[in-house]
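One structure below.
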Amino acid sequence: MTTTAPDGTPLRELLALAERTAREAGALIHDGRPRRVEVAATKSSPTDVVTAMDTASEALVLQRLTAARPQDGFLGEESGHRPGRSGLTWVVDPIDGTVNYLYGIRAYAVSVALVADGGARPPGAGAGPPDPALPPDPARWQPLVGCVHDPAGGETWTATLGGGAHLGGHPLHVTEGVELAGALVATGFGYDAARRAEQAAVVARLLPRVRDLRRIGTASLDLCAVAAGRVDAYYERGLKPWDFAAAVLVATEAGAVVTDFAGGRAGEHGLLAAGGRLHPVLREALES
Ligand code: LIP
């Protein structure tokens with residue numbers, strides 16, 4: 001079982017820092033939420049919004065983590081990448097479920113992960129030396145510590161590599177032995193209308209074959225729901241690395257199989273999380 005990071009720091013110490021920071025940012029966004037949240041900016045589409053609280057939350061997390069561990073890199077949804085020199089990078093979504101937060105729907109989270117970089121390389125560089133100036137590559141990184149804090153629900157999900165996944169200190173395990181027809185499946189949709197049309201077609205074909213679908217609107221909470229057995233599976237295409245960096249570790253440490261739709265490494269191109277028996281059946285249904 002892995003108990004220390006490559007620099008020798010105990011994972012439980014790094015998890016404590018991640019959890020302390022996520023909880024503080026969670027209190028900021030939850031307690032400080034104005035009655036009417038304004039859109040501060042948009043990103044990939046008019047519906048891909050940023051609020052002032054996204055920015056404030058990330059600034060707080062960045063300040064706390066760089067004060068505690070200035071040698072580490074940082075990759076945040078709103079402020080981008082800051083290279084480090086330790087080979088470790090904090091990957092942060094300051095508000096996952098921003099649209100829910102904007103509308104006052106109580107399903108949003110602060111996600112903080114620490115990954116071993118795995119050596120990001122310039123495009124076409126092959127097996128050459130990693131470039132520390134580049135953001136860590138989700139296709140190569142190894143999450144070591146993950147914390148997803150849901151301030152509205154008062155729940156904190158944690159995991160360390162090889163140390164299991166926990167909710168409020170209680171161990172988590174995915175549902176097992178679920179048939180496709182009995183599966184409660186979570187999913188999400190992109191901010192791009194053309195992609196949503198494709199995703200709607202997939203839903204139309206899948207819905208008659210499963211128990212039901214759920215669309216929570218927050219990828220990190222979807223993956224934590226798989227870990228806790230609150231849903232049997234979750235799939236989505238188009239997620240950003242900060243959406244899933246921490247929660248994939250929670251799900252895998254709870255016994256979920258997490259891949260893309262072809263059975264390879266999960267990422268922006270596709271993510272499917274489910275218990276061992278349901279995963280291949282659902283993957284085949286999604287591929288077909
Ligand atoms: C959101 C994800 C959600 C997805 C949304 C959006 P954000 O992240 O958590 O699963 O369906 O399109 O990507 O933008 O709130 O950080």
Side-chain angles (χ1 to χ4, degrees), residues 22 25-26 29-30 33 37-59 61 75-80 90-113 138 146-153 155 157 185-200 202-203 206 213-227 230-231 233-251 256 258 260-261 266-274 286:
I29 65 175
H30 181 262
R33 184 183 182 281
V37 177
E38 299 296 335
V39 173
T42 59
K43 295 186 285 191
S44 64
S45 80
T47 57
D48 185 0
V49 298
V50 184
T51 71
M53 277 298 192
D54 288 272
T55 306
S57 173
E58 184 158 322
V61 173
L75 174 61
E77 177 174 15
E78 309 309 339
S79 62
W90 294 94
V91 183
V92 173
D93 194 335
I95 303 180
D96 187 25
T98 297
V99 173
N100 285 349
Y101 183 77
L102 179 69
Y103 278 79
I105 298 171
R106 297 166 61 81
Y108 52 87
V110 177
S111 177
V112 179
C147 179
V148 176
H149 178 60
D150 167 3
E155 294 186 314
W157 316 75
V185 180
T187 190
F189 309 118
Y191 288 118
D192 173 72
R195 169 164 290 177
R196 287 204 302 276
E198 294 168 4
Q199 292 169 324
V202 173
V203 165
L206 182 67
L213 293 178
R214 292 291 183 271
R215 198 303 195 232
I216 297 172
T218 304
S220 57
L221 294 183
D222 286 314
L223 280 161
C224 290
V226 172
R230 294 179 179 174
V231 293
Y234 164 64
Y235 75 89
E236 187 161 351
R237 186 161 75 93
L239 295 176
K240 299 301 183 189
W242 40 80
D243 291 327
F244 61 77
V248 161
L249 185 63
V250 173
V258 183
D260 64 9
F261 300 138
E268 185 165 354
H269 61 291
L271 183 149
L272 168 61
L286 288 169

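Start at 1 and go down the list; that is how both ligands and their atoms are numbered.
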R214 side-chain N/O to A186 backbone N/O, donor-acceptor pair under 3.5 Å: no
Is the closest side-chain heavy-atom distance between [X] and [Y] below 4.5 Å?
X	Y	value
Y235	V202	yes
F244	D93	no
K43	E78	yes

Does ligand 1 have a heavy atom under 4.0 Å from the side chain of E78, from its backbone, from both, or from neither? neither
D243 and ligand 1 - part of the residue with a heavy-atom distance under 4.0 Å: side chain
Can you tell me if E77 contacts ligand 1 (heavy atom of the residue under 4.0 Å from the ligand)? yes
Examine ligand 1 and decide if any of its atoms is less than 4.0 Å from a heavy atom belonging to T187.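 It does not, in that no heavy atom of T187 comes within the 4.0 Å cut-off of ligand 1.
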Pairs of nitrogen or oxygen atoms closer than 3.5 Å, one from R215 and one from ligand 1: do any exist? yes
Does G97 reach ligand 1 with a nitrogen or oxygen that is under 3.5 Å from one of the ligand's nitrogen or oxygen atoms?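 G97 vs ligand 1: N/O contact under 3.5 Å present.
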Using the rule given for side-chain hydrogen bond (donor to acceptor under 3.5 Å, both in side chains), can you reason through S220 versus D96, listing the C-alpha separation, both sets of side-chain angles and the distance that settles it, and then say yes or no? CA-CA 7 Å; S220 57; D96 187 25; 2.7 Å; yes
Closest non-hydrogen protein atom to [atom], residue and atom name please, with distance?
atom	value
atom 4 (C) of ligand 1	E236 OE2, 3.1 Å
atom 16 (O) of ligand 1	D93 OD2, 3.2 Å
atom 5 (C) of ligand 1	F189 O, 3.9 Å
atom 8 (O) of ligand 1	D96 OD1, 3.1 Å
atom 6 (C) of ligand 1	Y191 OH, 3.4 Å

Just how far is it from atom CG of L221 to atom CZ of R230, taken to the nearest 0.5 Å?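 Going from the CG atom of L221 to the CZ atom of R230 covers 9.0 Å.
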Contact summary for A109 and T218, nearest pair of heavy atoms: N-CG2, 4.3 Å
